[in-house]
Amino acid sequence: MTSSVVGCRIAVAVCGGIAAYKVASLVSQLVRLDAQVDVLMTEEAKRFVSALTFGALTHRAVHEDPWQLDNQGEIAHIALARSIDLLVVAPATAHTLARLAHGLADDVVTLIALATPAPVLLAPAMDAGMYGHPAVTENVTTLQQRGYHVVGPRSGRLASGLTGLGRLAEPDEIVAAVEALLHWRRDLAGVRIAVTAGGTQEPIDPVRFIGNRSSGKMGYAIAQAAVERGANVTLVSAPTSLPAPPRVTQVAIQTALELREALHGLLDQVDVIIQAAAVADYRVADPETTKIKRSGEALVLELVENPDIIAGIGALPQHPLLVGFAAETGAHLDEARAKLRRKGLDLIVFNDVSKQGSGFGSDMNEVTLVPARGEPEVLPLLPKLDVAHRLLDRVRDMLQASARSVL
Ligand code: CTP
């Protein structure tokens, strides 16, 4: 099978750690797989390996100077940022992880990481003890939440002679991670997708609302995965504690009615709507405009039904491809199928939220993809980002097969 790396443009950012010498082998492997590789180096990296090493391996000039113009007179690393399919940072040192987490832009490596719309793969390496430090752990978590991918580090003997977690992943393992990321390379380029996420909040008074347990993680993972595959993504989000994935257009909503308005505004601008938001079926008929005070008596709230947003869109004579979710407790596939038909959806993602370790709040999900035509696909328990990619595989296939084809 041909490697997904063939013909791709990959930037490898080398930072100042002893593992920098291993990156020469990584770069050499990528070049042999027929990728076009550009290397960027921090000043500290050059203390370990020379730019000449990478220049000789790639047959291309190494980026070292943020003030360098390319042949077209453009700032070289910015032009590169826009043209690459993937950025690999290896070794990602504790210092560079901190700079990336804080959005610093003080050398070619941090500049390209900020400027590129391509996915970023970090291969951390540092001495034992450092990787376990809460500062480093938090920086890695922050970067992962922003959509960066991480390979390694591994445990083993470190350059200092200590043994511990901090060895750079082997070049083979990094190449495998690169291949997995490039597998989907831009197969949704040009597709416009609206993703909704989070649980709507229906006000009771100015300080209280009716909400639900949705964390928004599934919708955010879909938005991130779609952006990585080249889609143009609008994320319509109810309040969540999640950072916006990079490069998505975010629209903040709070209530079901606001969500409906936002989606209707996007109807003729998108090819696909993925309704992952947990929409409140009821809202308070007449929310108070001032805070409700304790009265010593029972409080009765009148609730009225919210419109079924996705069903309303599904009933329109023309609409984007529609994907809905059916988060059920102990329900069956047949009920998900009935929901799909009732709402006029093209696909429904069915999951049993009563299962441990899956669904609300979790980083994992175990779902079945139920298309309007064709067989359901039962997926194993997977990280939500992987579920997102499997769902987008189906969306891509459906777009290709339909008259709506934009691919
Ligand atoms: N949905 C919607 N508008 C609503 C309620 C739900 O667009 N007012 C969408 C959800 O975002 C989801 C799908 O419809 O994509 C199924 O949601 P679910 O809550 O499972 O369906 P309900 O129609 O509310 O059915 P139930 O009676 O099972 O709650």
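Order of listing sets the numbers, starting from 1, for every ligand and every atom in it. Residues: numbered from 1 along the sequence shown.
Residue contacts with ligand 1 for A278 are absent, since no atom lies close enough (heavy atoms, distance under 4.0 Å).
Near G324, the atoms of ligand 1 lying under 4.0 angstrom from a non-hydrogen atom of the residue are 15 (O). For ligand 1 and I310, the ligand atoms under 4.0 Å from any heavy atom of the residue are 2 (C), 7 (O), 9 (C), 14 (O).
Atom 14 (O) of ligand 1 has K343 NZ, 2.9 Å as its closest protein atom, hydrogens excluded (heavy atom only). In terms of protein heavy-atom proximity, atom 29 (O) of ligand 1 is nearest to D281 OD2, 3.3 Å. Taking atom 28 (O) of ligand 1 as the reference point, the nearest protein heavy-atom neighbour is K339 NZ, 2.7 Å. The protein heavy-atom contact nearest to atom 3 (N) of ligand 1 is I309 N, 3.0 Å. For atom 11 (O) of ligand 1, the closest non-hydrogen atom of the protein is A277 O, 2.8 Å. In this structure, the protein non-hydrogen atom closest to atom 12 (C) of ligand 1 is F325 O, 3.0 Å.
Atoms CG and CD, on L382 and E366 in that order, are 8.5 Å from each other to the nearest 0.5 Å. Of the inter-residue distances, the one linking I222 atom CD1 with Q224 atom CD reads 11.5 Å to the nearest 0.5 angstrom.
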Test log, rule side-chain contact (heavy atoms from CB on, under 4.5 Å), inputs L303 and I210: CA-CA 10 Å; L303 302 181; I210 300 177; 3.7 Å; yes
Pair R396-Q400, side-chain contact (heavy atoms from CB on, under 4.5 Å): steps then yes or no: CA-CA 6 Å; R396 176 202 55 209; Q400 278 169 348; 4.1 Å; yes
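Contact annotation for atom 20 (O) of ligand 1: protein present (non-hydrogen atoms, distance under 4.0 Å).
V195 pairs with exactly one of L235, V323, T234 by the side chain to side chain contact (heavy atoms under 4.5 Å, CB included) rule, that one being L235. Checking L267, D268, L266, D346 one by one against P320, the side chain to side chain contact (heavy atoms under 4.5 Å, CB included) holds for a single residue, L267.
Of the N or O atoms in A326, none lie within a sub-3.5 Å distance of an N or O in ligand 1.
Ligand 1 lies less than 4.0 angstrom from a heavy atom belonging to P307.
What you find for F54 and V49 is that their closest heavy atoms are CE1-CG1, 3.9 Å.
In the model, N139 has no side-chain atom that pairs as donor or acceptor with a side-chain atom of T142 under 3.5 Å.
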